[in-house]
Amino acid sequence: MTARRLKTGGRIDRSRELSVKFDGKSLPAYPGDTLASALLAGGQQIVGRSFKYHRPRGVVAAGVEEPNALVHLRSGDRHEPNVQATIVEAFDGLISTPQNAWPSLQFDVGAVNGLLSRFFGAGFYYKTFIGPFGGTKFWMFCEHFIRKAAGMGQAPTLPDPDHYEKINAFCDLVIVGAGPAGISAALAAGRKGDSVFLVEQDRDLGGSLLSEPVGAPSDAWLAQARAELSDLPNVQILTRTTAFGAYDCEVFGLVERVQDHVLAPEEGKPRQRYWVVRAKRAILATGAIERPMVFAGNDVPGVMLTSAVRSYLNRYAVLAGERIVVATNNDSAYTAAIELAKAGAKVTICDLRQAAPPPFVESARKAGIDLRSGHAVLKVSGGKSVKAAHVVRISPGGKIEGNATRIACDLVTVSGGWAPALHLWSQRFGKPQYNEELDAFLPPAEKGTFSCVGSLVGSPSLRDTLSQGHKAGGTIGKEPALFGHADHWGRNLAPLTVIAKANGRTPGKAFVDFQHDVKLADIDQAHLEGYVSVEHLKRYTTSGMAADQGKTSNLNALARMAELRGLAIPSVGTTTFRPPYTPVTIGAVVGHDHGLNFRPTRLTTIHGWHKHNGSVMIETGAWLRPWYYPARGEDINDAYIREAAHVREHVGIVDVSTLGKIAVQGPDAAEFLNRIYVNGFKTLPIGKLRYGIMLREDGFVFDDGATTRLSEHDYFMTTTTANAANVLARAEYLIQTAWRDLKVHVTSVTDQWSAIAIAGPKSRALLTALTGAELSNDALPNNHFADVTIAGVGCRLHRMSFSGELAYELYVPAKRGRQIWEELIAAGAPYNLKPYGLEAMGALRIEKGHITGSEIEGRTTLKDLGLEGFASSKKPFVGSVLRKRPVLEDPARPSLVGLEIVGNTSTRAGSLLYALNAPTKGHGEGWVSSVTYSPALKMNIALALLSRGPERFGETIQVVDFVGNQTLQGKVVSHHFFDPEGHRQNG
Amino acid sequence: MLRIPCPVCGLRDETEFSYGEDASVRRPDMNEADQKVWHDYVFIRDNPRGPHKEYWHHVSGCRQWIVVDRDTLTHEIFGSALACEVAA
């Protein structure tokens, strides 16, 4: 192939040369070029090596369907693999390198695979990795090398320096594709006043019209249409934008390549922008992709799609060959052939139809073309470039006749008909219908809120295309009328694309899927092995499974399968189309939603104080909470043990603002609480609070917390931090569906209240001094609350204990949270008040045997947790019936116990429990749920769920941490390790 | 992504909602004591192909539970109503 740039023509800006490099070599490029057109203009025939056989490959197409020309683009942290050269716009400073070739493109060691091709056929992986060396170990070893040899580009290893953004949009109409049909639709709909998104993957509007010769009649119309569209404020034109997915309810995913066409994004601009567009209706004008032919050597560099060769000629002024054989089965190749001849090439048309329509025959003759009707290309010879086409006669029945004639040439263009780009339609609606006359799958012109126009529905002429667009858009304004010979639909098609000998074989490798190196013989083999379904065929041969998703291969693969099975194509069907239409950068979908921005971080109003005072924070759900406050030189263990011990001796405060808080209000609030808690709430007097437990409908424990009765119809519920949203949602569900008879409202007030726990023997003295309130045991007994004032701020003081010490929870209007915390810190100095974090809080509650999310983990019942005594027998409550299922009453179920760990080593939550002399196999007799070092007991302790646990107090068992590979022993004890009678909290 | 009509807020993205359960199922009366009845309510569900009534919660919106008529095959949504007005 001896491609060259023509002196004139093309839609390129010859006033400025760009520096574009491939494999270290400079290519002649101008603004308007793609990397592929620059490669052709620079005479670069081989642009890559194939996936399996490392065969030399050249550019085949001029658009998104390109299977071969995959390159590494840019370098360093902007390195990008598997980029199609046909869609990369040439920019100054462009650096690209070949991939999958070693040591070089010209000489690739991997090409030896071609000789071994019979071992790399369909189902290679399935068949090869079995035996013979005992198991799969040997093959696991080989896999490393096989994967290295078979492959695409190298993934980037450095962090992406660019940023991406997301945008949400709404409109009346999305039009995908701005060729003649899409533009015509956008004009009509835009004039009507609809809000329109016109989405075009190319840099320019125009579609197939951009491949018309410069100065063609369509140029004037296009210029006028562009001007009118850009004057319509209700039409949003998105170029360099791919509609990659069509989803339910007319939602479209688009990626706009904002700054992909420059060396590096301009300051402040995103590299790409991900659009989620919600439309009322859609017009698809996505065009069609030319279908290759399958014959021996159809992958030799210099075999290209006819429409692509025409694009290179007219849009980029690159004549891809001097002596050209045009192989076709339809009318659409004639325009290209004639233009190529006019540009100076010597052209032979091999039309496998017995006769082309007379006007085409005449034009071809006039242009000096050697027209051979009833002929097909059986084989292309040449290794690294096309040397000759071997042409045979085709009988009217489609069989080859006689011997092949050799035609020396440097370029073979193929046109096997057209495959509508129905991907988006099919993503949305499923299987399309087969049209026999056009030998293609077509979407219907109308379905639901979707209209399909133009080549996508096999529009026979440019005039029809424009008219369809005009109607679909809303028929407003003058209908555009253009008559051109650029009728892209391949009319009068003979449905034959596979050229093989009488025995069905090809004289050399013939490829169906170029990108995944799937040969015609692989399809035949899969058929011989009994594959029937196209979905299985696809996966077994991997045809259509590469990055191009079979844009050029799917139809030929199914046509072959249909032929082998003796069926019509519709009986064989198509495979399923799924998003994305073309590959999408993960970065674009992620946008800014990564790292800390993945979701909002929730901070308590006291957060600033914690940070300022050196707290180490921990994530609990979306919240950041103080974990521990290390003194100089302390690690986490030193810190939490000190903090926990301090609480038991003096007084400590901890920020518990993250607790879920729900206002339960209304005349039936008590009845509501009575139904969702296992224990009774109807008798709770005003001024008191009560610990309550909720079950799920299936009888397992759901959540726990305290609920306070503030007044007659006003209750204040707290939930665990983790379950706050679930409890509220469940309460709303019941109130709005099954319990509509209850007059009650639930409202989240989590963000309205800061909460501070004050715990320790000196807490009463501190709070009395600070509030001036009477807080004696008689005035405020445990489980009561009092309204207090601190620094003029009205607060609610709940006396309750999670630590087991004399303790209070102070509820403060959220905006005053930090102020009151600081008042406490200041007033606490004489009492040796210290803050403590989540880790110390955990140590204190484990010493007391209180449960948290580690024990309420969805698999535990009231009985398992030793809380059955809370369940009222006088009333039904959520889960009251199903908690008594026989399987949940099994006495062998693991139940909550304490473990005193023997020795000085701590165990880990998740460790499994085994009897002392039992083998440590299987799931054991239970598991450890929470662990801590207990400063009060001066030993390592744990909460655990152990089969028949409470019957086994005093028994020593094995505690096995399979993750940390550690076996310890633990003595089974009551989980109420510390002050089981509660003297301290009640005193 | 589905677009779900909320009777209070209008047409909104699916991401604002969370799915609840089959809305044709009625929760047994609080005083129901038969385990079989509760078992069937909690665990036994049809998996229909076609029209389906389902509960969705407008979690990031008005916090209302709604009953949505949706075709499980085509994902077409025919309409919705407030659960507090139409719940089974």
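Letters A, B, ... are given to chains in the order of the sequence lines, protein chains preceding strands, and every chain is numbered from 1. For the numbers below, each heavy atom of this structure counts, side chains included, while hydrogens, waters and symmetry mates do not.
Between the OH atom in A/Y247 and the CG atom in B/L2 there is a gap of 13.0 Å [rounded to 0.5 Å]. To the nearest 0.5 angstrom, B/M1 atom CE is 11.5 Å from A/E250 atom CD. With rounding to the nearest 0.5 Å, the separation of CD1 in B/I66 from CD in A/Q736 is 10.5 Å. Separating the CE atom in B/M30 from the CZ atom in A/F877 is a distance of 9.0 Å, to the nearest 0.5 Å. Between A/D248 atom CG and B/D71 atom CG the span is 10.5 Å, to the nearest 0.5 Å.
Taking A/T737, A/N168, A/V276 one by one and counting their heavy-atom pairs under 4.5 Å with chain B, the maximum is reached by A/T737. Ranked by heavy-atom pairs under 4.5 Å with chain A, the first of B/H39, B/R63, B/E85, B/Q64 is B/R63.
Within 6.0 Å of NZ in A/K166 there are more than 12 heavy atoms belonging to other residues, nucleotides or ligands. Shown here is B/R45, whose CZ atom has more than 12 heavy atoms of other residues, nucleotides or ligands within 6.0 Å. Within 6.0 Å of NZ on A/K280 lie no more than 12 heavy atoms contributed by other residues, nucleotides or ligands. The 12-atom threshold is exceeded at CD1 of B/I44, counting heavy atoms of other residues, nucleotides or ligands nearer than 6.0 Å. For B/H52, the NE2 atom sits in a packed shell: over 12 heavy atoms of surrounding residues, nucleotides or ligands are nearer than 6.0 Å. Counting non-hydrogen atoms of neighbouring residues, nucleotides and ligands closer than 6.0 angstrom, the CG atom of B/D46 reaches no more than 12 such neighbours. A/F598 CZ: 12 or fewer foreign heavy atoms inside a 6.0 Å radius.
When side chains are defined from C-beta on, A/D698 does not count as touching B/W38, because their heavy atoms never get closer than 4.5 Å. Under the 4.5 Å side-chain criterion, counting only non-hydrogen atoms from C-beta, B/H57 is not in contact with A/Y733.
No part of B/S18 comes within reach of chain A, as not one of its non-hydrogen atoms sits under 4.5 angstrom from that chain. If you measure heavy-atom distances from A/R675 to chain B, the contacts under 4.5 Å come from both the backbone and the side chain. If you measure heavy-atom distances from A/V251 to chain B, the contacts under 4.5 Å come from the side chain alone. In this structure, the portion of B/D13 lying under 4.5 Å from any heavy atom of chain A is its side chain and not its backbone. With a 4.5 angstrom heavy-atom cutoff, A/A729 touches chain B via backbone and side-chain atoms both. With a 4.5 angstrom heavy-atom cutoff, A/K875 does not touch chain B via any of its atoms. For B/V86, the part lying near chain A is the backbone, with the side chain staying farther off; criterion is any non-hydrogen pair under 4.5 Å. Of the two parts of A/F170, only the side chain, counted from C-beta on, holds a non-hydrogen atom closer than 4.5 Å to a non-hydrogen atom of chain B.
Checking side-chain atoms of A/R740 against main-chain N and O of B/A87 turns up a donor-acceptor pair under 3.5 Å. Of the possible polar contacts, none joining the B/Q35 side chain to the A/L882 backbone as a donor-acceptor pair under 3.5 Å is found.
Across every non-hydrogen atom of A/L734 and B/R27, the tightest pair is CD2-NE, 3.6 Å.
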